[in-house]
Student: 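Structure below; questions to follow.
Both counts, for ligands and for their atoms, begin at 1 and track the order of listing.
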Amino acid sequence: MANRLRTGFGSIAAPARGVLVVFADDGLRFGSATQALLKPAGDLVARAAAADNFKGKNGAALDIVAPQGLKPSRLIVIGVGKAADLEDFVKLGGAAMGRIPAAASEATIVLEFPGGPMKPEQAADVALGVELRAYAFDRYKTKRKEGEERPAQRRFTFGVANVQAARKAWSEREAVAAGTLVARDLVNEPPNVLFPEEFARRAATLRKLGVTVEVLDERAMKKLGMNALLGVGQGSRHASRVVIMRWNGGKSGAAPVAFVGKGVCFDTGGISIKPAGSMEDMKGDMAGAACVVGLMHALAGRKAAVNAVGAIGLVENMPDGNAQRPSDIVTSMSGQTIEIINTDAEGRLVLADVLWYVKSRFKPKFMIDLATLTGAIVVSLGHEHAGLFSNDDRLSERLAKAGTATGERVWRMPLSAEYDKLIDSKFADVKNTGGRMAGAITAAQFLQRFVDKTPWAHLDIAGTGFSSPQTETNRGWASGWGVRLLERLVADHYER
Ligand code: BES
Ligand code: MN
Ligand code: ZN
């Protein structure tokens, strides 16, 4: 996707044109460098603030067009409330970006508070928020309404006290921003464009960042015994794929951390076909796989000191003369037999084989899978938290902390032998649905039967991966959820 936004850091100096963005606290105070920039405008800001009842409250903004005495075409003052209370600088960057008119081709954002300049990490967080908010998936739009034309290029400069230090902090955040946008692009793409083979091709472009990418075709999967995954894809004209991505930035030979993603490029439900309403959302049923690709992009992009494996199962779930039926029994790679009760519970079938494969081949420190797995988790948690299911308390706590820090929050749900019983099958070792009750839990119990003793966490992102609330950092459909969470988890605990 052509990114029309170019961002960079520079020292704080009066811009000659474009939009000027500055921050003020709830006493309408500015930092000293900002104050110097605004000096030629005299009492303009004070008068405009009084006229507009702007008090510098967090979330408020003052917008002055053609500010008298200043060269910029527009001055935007963003309120931060009590500067010392500010915690989420990513959100602040998103909010600032949201105030800059879409038609603006040039902007200067002065990263300074009344108390002084922002720390380099805070400045980088603001830049991250700006990039996330600036994202739009518009590659299939050939027309623009009059007055909604966009500049071909946008150039934004962040004015900072220490340019060197801010650039260094940004070089890490930049990879995270890029990874999140990669994930969003994949989720937003329509399924006639992004079918399993095309998804695999896009994942393979990670090679240019130094990631080792292997693509398993159906023959290779058959040989490995991945019949649970292959059964889901057998009703589709598109061939299934498994992609293994490896980033080796850690100690040579050290056990990797592993991430597994559900990549159902379109989920019709198969023979247990879904109702028509909102079925179009099921192009996003590969958000877990998209997150894994985005995460690998972020880790490789910032040369993380970790060995990481990303594995994604890519299929399309279609009804067809060759589609799998309710009551079919398949033998998974693990050797366990699975009775198919409902062909719409397909994600767990895909994950069963990929989890088993990753566990057996890589013996990872932990496995975390991400999947838009159940409508039930959306009923339980809405769009605010992803469901977290895990056999490991330490991993769960670390995920919860990373969730609070990044705003990609998780909520732990239970697993137990009693729930596990609900998926015992009359005819096979396990069945792929557990009845009407506790649907997100029985789905997780199913997955747990394919991870053995490996420390494992399952993130049910059916409510957070797409169609989630419009926030300061996301105004699109796909959220790219999980890239920031898992990047933070790795950065905080698994780099040497
Ligand atoms: N991809 C869906 C889950 C889903 C629903 C994700 C809504 C995002 C939004 C999944 O494959 C599915 O169909 N799950 C079924 C399971 C049921 C048949 C046991 C569900 O949740 O209804
Ligand atoms: Mn389904
Ligand atoms: Zn699905």
Side-chain angles (χ1 to χ4, degrees), residues 187-188 191 194-196 199 228-229 231-236 240 260-291 312-320 323-328 338-354 369-387 389 413 419 422-423 425 430-447 458-469 477-479 481-482:
V187 175
N188 280 322
L194 196 75
F195 44 89
F199 196 133
L229 184 153
V232 176
Q234 77 186 27
S236 169
S240 303
V260 172
K262 168 180 173 180
V264 177
C265 293
F266 194 77
D267 181 12
T268 63
I271 294 301
S272 315
I273 197 163
K274 288 180 181 294
S278 298
M279 204 206 273
E280 70 276 15
D281 281 355
M282 287 299 110
K283 74 169 182 177
D285 208 18
M286 29 54 72
C291 172
I312 54 180
L314 304 170
V315 300
E316 185 182 55
N317 188 21
M318 297 290 272
D320 176 81
Q324 107 178 322
R325 292 154 289 256
S327 77
D328 277 4
I338 306 168
E339 183 190 9
I340 310 299
I341 300 296
N342 187 320
T343 64
D344 197 11
E346 84 297 338
R348 62 199 76 181
L349 300 169
V350 172
L351 290 173
D353 279 339
V354 183
D369 76 77
L370 298 106
T372 47
L373 206 62
T374 67
I377 203 68
V378 192
V379 174
S380 303
L381 300 175
H383 301 286
E384 308 305 330
H385 289 82
F389 301 82
M413 304 281 284
Y419 290 119
L422 299 176
I423 51 170
S425 158
V430 62
K431 55 183 180 180
N432 80 327
T433 61
R436 271 166 38 79
M437 302 297 158
I441 303 174
T442 51
Q445 294 290 167
F446 182 95
L447 298 180
H458 155 57
L459 296 170
D460 194 335
I461 61 169
T464 55
F466 54 78
S467 208
S468 28
W477 186 72
S479 61
W481 195 98

Student: Report the nearest protein non-hydrogen atom to atom 7 (C) of ligand 1: residue, atom name, distance rounded to 0.1 Å.
Tutor: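 Nearest neighbour among protein heavy atoms for atom 7 (C) of ligand 1, to 0.1 Å: Met282 CE, 3.7 Å.
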
Student: Within less than 4.0 angstrom of ligand 1, does Asp285 place any heavy atom?
Tutor: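 Within the 4.0 Å threshold, so yes.
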
Student: Would you call Asp285-Lys262 a salt bridge at under 4.0 Å N-O?
Tutor: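 Result for this pair is yes, salt bridge flagged.
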
Student: Classify the contact between Asp281 and ligand 1 as side chain, backbone, both or neither, using a heavy-atom distance cut-off of under 4.0 Å.
Tutor: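 Answer for Asp281: neither.
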
Student: Heavy-atom distance under 4.5 Å between the side chains of Leu422 and Gln445, does that happen here?
Tutor: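 SC-SC contact between Leu422 and Gln445 ruled out.
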
Student: Does any N or O in the side chain of Thr372 come within less than 3.5 Å of the main-chain N or O of Ile461, such that one atom is a donor and the other an acceptor?
Tutor: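 Here the side-chain-to-backbone pair does not exist.
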
Student: Among protein heavy atoms, which lies nearest atom 2 (C) of ligand 1, and at what distance?
Tutor: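 Of every protein heavy atom, Asp267 OD2, 3.6 Å lies nearest to atom 2 (C) of ligand 1.
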
Student: With side chains defined as the heavy atoms from C-beta onward, is the minimum distance between Ile340 and Leu349 less than 4.5 Å?
Tutor: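 In short, these two side chains touch, coming nearer than 4.5 Å.
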
Student: Around the Mn ion (ligand 2), what protein N, O or S atoms are found below 2.8 Å?
Tutor: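 Within the sphere that stays under 2.8 Å of the Mn ion (ligand 2), the protein atoms of type N, O or S are Asp267 OD2, Asp344 O, Asp344 OD1, Glu346 OE1.
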
Student: Can you name the atoms of ligand 1, numbered from 1 with element, that are less than 4.0 Å from a heavy atom of Asn342?
Tutor: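 Those atoms are 18 (C).
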
Student: Is there a side-chain contact between Met413 and Tyr419 (heavy atoms, below 4.5 Å)?
Tutor: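 The answer is no, as the side chains (C-beta and beyond) never meet within the 4.5 Å cut-off.
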
Student: Between Phe466 and ligand 1, which part of the residue brings a heavy atom under 4.0 Å of the ligand: side chain, backbone, both or neither?
Tutor: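 The part of Phe466 near ligand 1 is the side chain, not the backbone.
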
Student: If you take all heavy atoms of Phe446 and Val430, which pair is closest and at what distance?
Tutor: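 In terms of heavy atoms, the two residues are closest at CD1-CG2, 3.8 Å.
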
Student: For Met279, state whether at least one heavy atom is located under 4.0 Å from any atom of ligand 1.
Tutor: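 False for this residue.
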
Student: Which atom, among the N/O/S set of Asp285, is closest to the Zn ion (ligand 3)?
Tutor: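 Sorting the N, O and S atoms of Asp285 by distance to the Zn ion (ligand 3) puts OD2 first.
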
Student: Closer than 2.8 Å to the Zn ion (ligand 3), do we get an N, O or S atom from Asp344, backbone or side chain?
Tutor: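 No.
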
Student: Of all the heavy-atom pairs spanning Cys291 and Leu370, show the shortest one and how long it is.
Tutor: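 Scanning both residues, the minimum pair turns out to be SG-CD2, 3.7 Å.
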
Student: Out of the candidates Ile312, Leu447, Leu229, only one should pair with Leu351 under the side chain to side chain contact (heavy atoms under 4.5 Å, CB included) rule; please name it.
Tutor: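 Single pass found, and it is Leu447.
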
Student: Quick check on atom 22 (O) of ligand 1 - does any protein heavy atom sit closer than 4.0 Å to it?
Tutor: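 Under 4.0 Å from atom 22 (O) of ligand 1, zero protein heavy atoms found.
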
Student: Determine whether Thr343 and Pro326 make a side-chain contact, defined as any pair of heavy atoms from C-beta on separated by less than 4.5 Å.
Tutor: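 SC-SC contact between Thr343 and Pro326 confirmed.
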
Student: Of the non-hydrogen atoms in Pro191 and Lys283, which two are nearest, and what is the gap between them?
Tutor: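 Result for this residue pair: CD-CB, 3.6 Å.
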
Student: Identify, for atom 14 (N) of ligand 1, the protein heavy atom at the shortest distance, and state residue, atom and that distance.
Tutor: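 That would be Leu373 O, 3.4 Å.
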
Student: Looking from the Zn ion (ligand 3), what is the angle between NZ on Lys262 and OE2 on Glu346, to the nearest 10°?
Tutor: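 Roughly 90°, rounded to 10°.
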
Student: Could you see which bit of Lys262 sits under 4.0 Å from ligand 1, with heavy atoms only: side chain, backbone, both or neither?
Tutor: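 Answer for Lys262: side chain.
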
Student: What heavy-atom pair brings Ala228 and Ile338 nearest, and what distance separates the two atoms?
Tutor: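 Smallest heavy-atom distance, with atoms named: CB-CD1, 3.9 Å.
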
Student: Starting from atom 20 (C) of ligand 1, locate the nearest protein heavy atom and write down its residue, its atom name and how far away it is, to 0.1 Å.
Tutor: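 Going atom by atom, the protein heavy atom closest to atom 20 (C) of ligand 1 ends up being Gly375 N, 3.8 Å.
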
Student: Considering both backbone and side-chain atoms of Glu346, is one of its nitrogen or oxygen atoms within less than 3.5 Å of a nitrogen or oxygen in ligand 1?
Tutor: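 Yes; the residue has a nitrogen or oxygen that sits under 3.5 Å from a nitrogen or oxygen of the ligand.
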
Student: Please work out, at 4.0 Å between heavy atoms, whether the side chain, the backbone, both, or neither of Asp344 comes within that distance of ligand 1.
Tutor: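 Contact part for Asp344 vs ligand 1: both backbone and side chain.
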
Student: Would you say Ser468 and Trp481 make side-chain contact, with heavy atoms under 4.5 Å?
Tutor: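 No. Closest side-chain heavy atoms not under 4.5 Å.
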
Student: Of the protein's non-hydrogen atoms, which lies at the shortest distance from atom 19 (C) of ligand 1, and what is that distance?
Tutor: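 Checking every protein heavy atom, the shortest distance to atom 19 (C) of ligand 1 gives Thr433 CG2, 3.6 Å.
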
Student: For Met279 versus Phe266, what's the shortest heavy-atom pair and its separation?
Tutor: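 The answer is O-CZ, 3.3 Å.
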
Student: So which N/O/S atom does Asp267 have closest to the Zn ion (ligand 3)?
Tutor: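 Asp267's closest N, O or S atom to the Zn ion (ligand 3) is named OD2.
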
Student: Quick one: look up the protein heavy atom nearest atom 16 (C) of ligand 1 and list residue, atom name and how far away it is.
Tutor: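 Atom 16 (C) of ligand 1 sits closest to the protein heavy atom Arg348 NH2, 3.8 Å.
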
Student: What's the shortest heavy-atom distance between Leu373 and Arg348, and which atoms?
Tutor: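 That would be CD1-N, 3.6 Å.
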
Student: Which of these passes side chain to side chain donor-acceptor pair (under 3.5 Å) with Ser272: Asn342, Asp344, Thr433?
Tutor: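 Single pass found, and it is Asn342.
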
